[in-house]
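Order of the sequence lines fixes the chain letters, A, B, ..., with proteins taken first and strands second; residue numbering starts at 1 for each chain.
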Amino acid sequence: MLDFLQAVSDGVLFGATYALIGIGFTLVFGVMHKINMAYAAASVGGAYCGLLVLKVMAGAPAWLVFLGAFAAGGVLGWMVYLTCFHFIPLSSPLATLMSTVGMLLLIDEVIVHVTNGMPQNYPLMFDDVMLRAGEFTLRGDLLLVFGVSVLVMIGLLLLLYHTRLGLATRAVSQQPVAAQLCGIRLVRVNALTFVVTGLLGGIAGALIGASVGMLSPLLTLPLTVKGLIVTVIGGLGSVPGAIVAGLLVGGFENVLQLYRGVTERDLYVMLLLFVFLVFRPGGIFAPKSGRD
Amino acid sequence: MSLLKIQDVVTAYGKIEALKGVSLEVAPGSITCLLGPNGAGKTTLMMTVAGILKPRKGGISFAGEEIAGRAPHDIVARGVALVPENRLVFPAMTVLENLLAGAYQRGDKKAVAEDIDRMYARFPRLRERSAQHAGTLSGGEQQMLAVARALMSRPRLLLMDEPSLGLAPLVVEEIFRIIAELHRDGVSIFFVEQNAHMALKVAQHFFLIEQGRISFSGTPGALAEDEVIRRAYLGSAQQ
């Protein structure tokens, strides 16, 4: 029983990174009704770029690396928008899917080439802190992952619900024609959505690197799949849904890792997706309204 | 000089031309109505003036400046606002947020707040529902909200695409009362209608569009006298 509780709590804490990735997919889908397949790869790419801080300034503190990943994520998000969406006909349902899958593979290749395919160590924070309650423990680094993720999510919700850009973003996702009639620039909102989700992704990538202790290009594909699963389970276009689903998937996979081992784990995550697709295809929080 | 001048505008969806060379003029300070059957190109014309659709040929000038092919935000900034067909309110945003979205391009926070108060005075139901999601409003309330949202950009010309569509007769009367009121306040209005009876009570000039072309232009008197139009749009029971 204690093992179970431990697995759930560790999983849920780590699941906060899945929630961030899920939010990234869901926000872009909400605004443009497109899936950005390169999102998780660009997030990992942003985390790699954070390591450049250590190149420039040896012995830089970990939080500076995180900040670098955050900023690089935003820049990469904008570049993904420019290369995969801006000049591509949006009316074709397959065009941006193909361009972003291409970008996913490209980012993977660049990482492999630059690092010679070797995993890179990632700076840890609070890895020596451990909160104990009898046998039950809370790892300091996982608490950091969770805490930073929650802060980022609060920041995002403030942006969405208390700023002009947030108002414009919600307007475009609910009713793009009316948003334009209000004088909102569709192209600008689209591009800024990519920057904002990129920032989120960069920090998520850095947090994953910090809690695993290293980054590897092997992370991108599984993270893409997890992000999409979280998006579907949460309900396409729903930010609260992505948050809940991210934590759910994190806890769920960690419990199955405990009982069935790491090799079987993802099988059950797929099964969870399957169950949702059959019994609740709209996700936990099916959005109240899409575009009509 | 006319406020809005549309000249030989052609707008097409792929190979199909919905507007086949439309020309018309809206005088400043007037209420002008565009009548026409379904599929004649009324909505296409409104969307073209607002910049959502780009004309393939022709010119549109507003207050003497060419606006054909310009982006919607540019056209809104010049003082043209469209209340779209089916209202298109932001359903998961509150009534207040919908109004704020309408004022998106305005930086003057204080004046925006005053205008919101003015809208609430004109539409008391909106004040009552200020914090409610727009999707929960009735059709009539949504229409009021769509009009108020468009007015929040302080337009000189208000375009309305079938404001009475799908509304109960009492609500339709209310809408037309508001159109007359807005006109008294100095807003020029160019609206699309299928309800010719109501339109006759407020509009000073009529255009009829059929199959992408203007087939009639004249005063309400001339419209009512035209035998063919009367039969098609006013019903044979008239007179």
Given 3.5 Å as the limit, does a donor-acceptor pair link the side chain of [X] with the main chain of [Y], or not?
X: B/Asn98; Y: B/Phe90; result: yes
X: B/His205; Y: B/Ile31; result: no
X: B/Lys54; Y: B/Arg70; result: yes
X: A/Tyr18; Y: A/Leu247; result: no

**Aromatic centroids of A/Phe146 and A/Phe14 separated by under 6.0 Å** = no

**Item:** Side chain / backbone / both / neither for B/Ala81 at chain A, heavy atoms under 4.5 Å
**Value:**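 For B/Ala81, there is no contact with chain A at all, as no heavy atom is under 4.5 Å.
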
**Side chain, backbone, both or neither of B/Leu100 within contact of chain A (heavy atoms, under 4.5 Å)** = both

**Partner chain A: residue of B/Ala71, B/Ala150, B/Ala101 with the largest heavy-atom pair count (under 4.5 Å)** =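 Looking at each of B/Ala71, B/Ala150, B/Ala101 in turn, B/Ala101 comes out on top.
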
**Asked** Tell me, do A/Leu27 and A/Leu156 make a side-chain contact under 4.5 Å, heavy atoms counted?
**Response** yes

Would you mind writing out the side-chain donor-acceptor pairs for residues 58-68 of chain B within the sub-3.5 Å range, not counting sequence neighbours?
| residue | atom | partner | partner atom | Å |
| --- | --- | --- | --- | --- |
| B/Glu65 | OE1 | B/Arg78 | NH1 | 3.2 |
| B/Glu66 | OE2 | B/Ile60 | N | 2.9 |

**Asked** Could you state the interatomic distance from CZ (A/Phe194) to NE2 (A/His86), rounded to the nearest 0.5 Å?
**Response** 12.0 Å

**Item:** Contact residues of residues 44-53 of chain B (partner chain A; heavy-atom separation under 4.5 angstrom)
**Value:**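 The list, in residue order, reads B/Met47, B/Ala50, B/Ile52.
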
**Prompt:** Any idea which of A/Arg170, A/Gln180, A/Arg164 has the most non-hydrogen atom pairs under 4.5 angstrom with chain B?
**Reply:**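 Top count of heavy-atom pairs under 4.5 Å with chain B: A/Arg164.
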
